[in-house]
A.B. asks: 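I'd like to ask some things about the structure below.
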Amino acid sequence: MTLEIDVLTLFPGMLAGPLDESIPGRAIARGLVTVRVRDLREWGIGRHRSVDDAPYGGGAGMVLRPEPVGDALDALRRPGSTAVLMDPAGEPLRQSIARELAGLEHLILLCPRYEGVDERVRSLVDRELSIGDYVLSGGELAALVVIDAVIRLVPGAIEEASTVEESFSQGLLEYPQYTRPAVYRGMGVPDVLTSGDHGAVARWRHAEALRRTLRRRPDLLEVRQLTPDERRVVDAERAAIDGERSGDHVGRSADEGAGRRSGVDPA
Ligand code: JBZ
């Protein structure tokens, strides 16, 4: 069964490139997913196919009118469709939502422009999603993020091995990856990776994923039940972190290069 996605946008050209390439491009070419990009202006009002108007009550900018959106949804919806409004006030996208969407048969992604949609449009959709807390000019890039996250989860879109590894490390950051050369600008490769001991490699990678997650995204560990082995790794790393903070630590740990140095966001 193929997942069908309709994207409603005033800028159809923004969608084409990214969907032609790489994993989405291949999944679409193989017929695992169908993506149709529809110009909202098809449902614009009057001779000028108008889609926006000034906000009641005044204020800067324009608002996406409800009628083109309502008519477009009426035209595209069928039993089993899920209509999603991309909006900064939507539910933050996460992997479990991507998994839900990947199991649907028909997804309609509505991409607003201007200052956003008329409030009454919210009652016409099934859910509202946001890809994160930064300001975008419109919903197209957000919809592309949703499409990419969803398409990878459609059976056959990526190598089965990748999804198995992903489920093993569910909710953790990735372990460090290395490839040739063995020494790059004086930096070597951890010995365990060239040891040929596959069990040791797997244990090291899992421990590294846990350590990195603890240092960079401790929030991810709070919602994760740890096995006794995992608990030992995390406790040891937490002790190491405490040692570094108390000032007896010299030099840099392997993982502090790019991360945040305090819990305070300077923005
Ligand atoms: C989104 C005007 O349309 C917009 C503007 C910002 C924006 C979206 C749509 S969707 N931000 C997000 O996913 O956070």
Side-chain angles (χ1 to χ4, degrees), residues 3 5-19 21-24 33 35-45 48-77 81-104 106-153 217 219-220 265-267:
L3 168 64
I5 304 176
D6 280 302
V7 184
L8 278 167
T9 172
L10 291 169
F11 296 95
M14 286 187 70
L15 281 291
L19 297 176
E21 306 278 348
S22 188
I23 291 166
V33 185
V35 181
R36 287 179 298 260
V37 180
R38 303 293 297 264
D39 192 335
L40 249 184
R41 210 168 276 283
E42 283 181 48
W43 294 275
I45 296 160
H48 297 288
R49 302 233 158 272
S50 171
V51 293
D52 64 319
D53 208 338
Y56 278 121
M62 303 289 270
V63 174
L64 192 57
R65 292 180 62 143
E67 306 97 311
V69 175
D71 289 353
L73 289 176
D74 287 349
L76 299 179
R77 251 189 199 292
S81 298
T82 297
V84 178
L85 172 66
M86 300 313 305
D87 188 277
E91 186 178 4
L93 180 65
R94 53 183 194 278
Q95 193 63 15
S96 60
I97 296 175
R99 260 181 248 120
E100 275 181 56
L101 300 183
L104 299 173
H106 184 211
L107 201 52
I108 303 171
L109 299 177
L110 172 60
C111 307
R113 278 277 151 174
Y114 316 113
E115 302 308 307
V117 286
D118 183 286
E119 184 65 17
R120 293 164 289 188
V121 164
R122 296 187 200 276
S123 70
L124 306 181
V125 300
D126 301 292
R127 68 197 298 174
E128 302 175 30
L129 291 177
S130 165
I131 61 161
D133 296 336
Y134 30 79
V135 182
L136 299 174
S137 316
E140 288 78 13
L141 292 174
L144 280 169
V145 167
V146 170
I147 292 169
D148 187 84
V150 167
I151 283 184
R152 319 178 62 261
L153 298 174
R217 292 293 307 278
D219 56 302
L220 296 181
D265 186 339

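Counting starts at 1 for both ligands and their atoms, in listed order.
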A.B. asks: For atom 5 (C) of ligand 1, which of L141, L136, V63 has the closest heavy atom?
C.D. replies: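 Heavy atom nearest to atom 5 (C) of ligand 1 belongs to L136.
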A.B. asks: Would you check if L73 and V125 make a side-chain contact, meaning some heavy-atom pair closer than 4.5 Å?
C.D. replies: yes
A.B. asks: Is there side-chain contact between V51 and L64, with heavy atoms separated by less than 4.5 Å?
C.D. replies: yes
A.B. asks: Going by an N to O cut-off under 4.0 Å, is there a salt bridge joining D39 and R41?
C.D. replies: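 Not counted as a salt bridge, because no side-chain N and carboxylate O are separated by less than 4.0 Å.
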A.B. asks: Report yes if some N/O of M86 lies less than 3.5 Å from some N/O of ligand 1; otherwise report no.
C.D. replies: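 Between M86 and ligand 1 (N or O atoms, distance only) the closest approach is not under 3.5 Å.
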A.B. asks: For atom 14 (O) of ligand 1, what is the closest protein heavy atom, and at what distance to 0.1 Å?
C.D. replies: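 Going by distance alone, atom 14 (O) of ligand 1 is nearest to S130 OG, 2.8 Å.
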A.B. asks: Tell me, which protein residue and heavy-atom name are nearest atom 11 (N) of ligand 1, and how many Å apart are they?
C.D. replies: P88 CG, 3.6 Å
A.B. asks: Output the distance between atom CG (L10) and atom CD (E42), rounded to the nearest 0.5 Å.
C.D. replies: 11.0 Å
A.B. asks: Starting from atom 13 (O) of ligand 1, what is the nearest protein heavy atom, named by residue and atom, and what distance separates them?
C.D. replies: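 Minimum-distance protein heavy atom for atom 13 (O) of ligand 1 reads I131 N, 2.7 Å.
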A.B. asks: Evaluate whether atom CG of D133 has more than 12 neighbouring non-hydrogen atoms of other residues, nucleotides or ligands under 6.0 angstrom away.
C.D. replies: no
A.B. asks: With a 4.5 Å cut-off on side-chain heavy atoms, are L76 and S81 touching?
C.D. replies: no
A.B. asks: For the pair D71 and R65, find out whether any cationic side-chain nitrogen is under 4.0 Å from an anionic carboxylate oxygen.
C.D. replies: no
A.B. asks: Do me a favour and list the nearest non-hydrogen protein atom to atom 2 (C) of ligand 1 with residue, atom name and distance?
C.D. replies: Y114 O, 3.2 Å
A.B. asks: Under a 4.0 Å heavy-atom limit, does P112 contact ligand 1 with its side chain, its backbone, both, or neither?
C.D. replies: both
A.B. asks: Numbering the atoms of ligand 1 from 1, which are under 4.0 Å from a heavy atom of G132?
C.D. replies: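 Near G132, the atoms of ligand 1 are 14 (O).
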A.B. asks: Quick one: look at D87 and ligand 1, take heavy-atom pairs under 4.0 Å, and tell me if it's side chain, backbone, both or neither.
C.D. replies: backbone
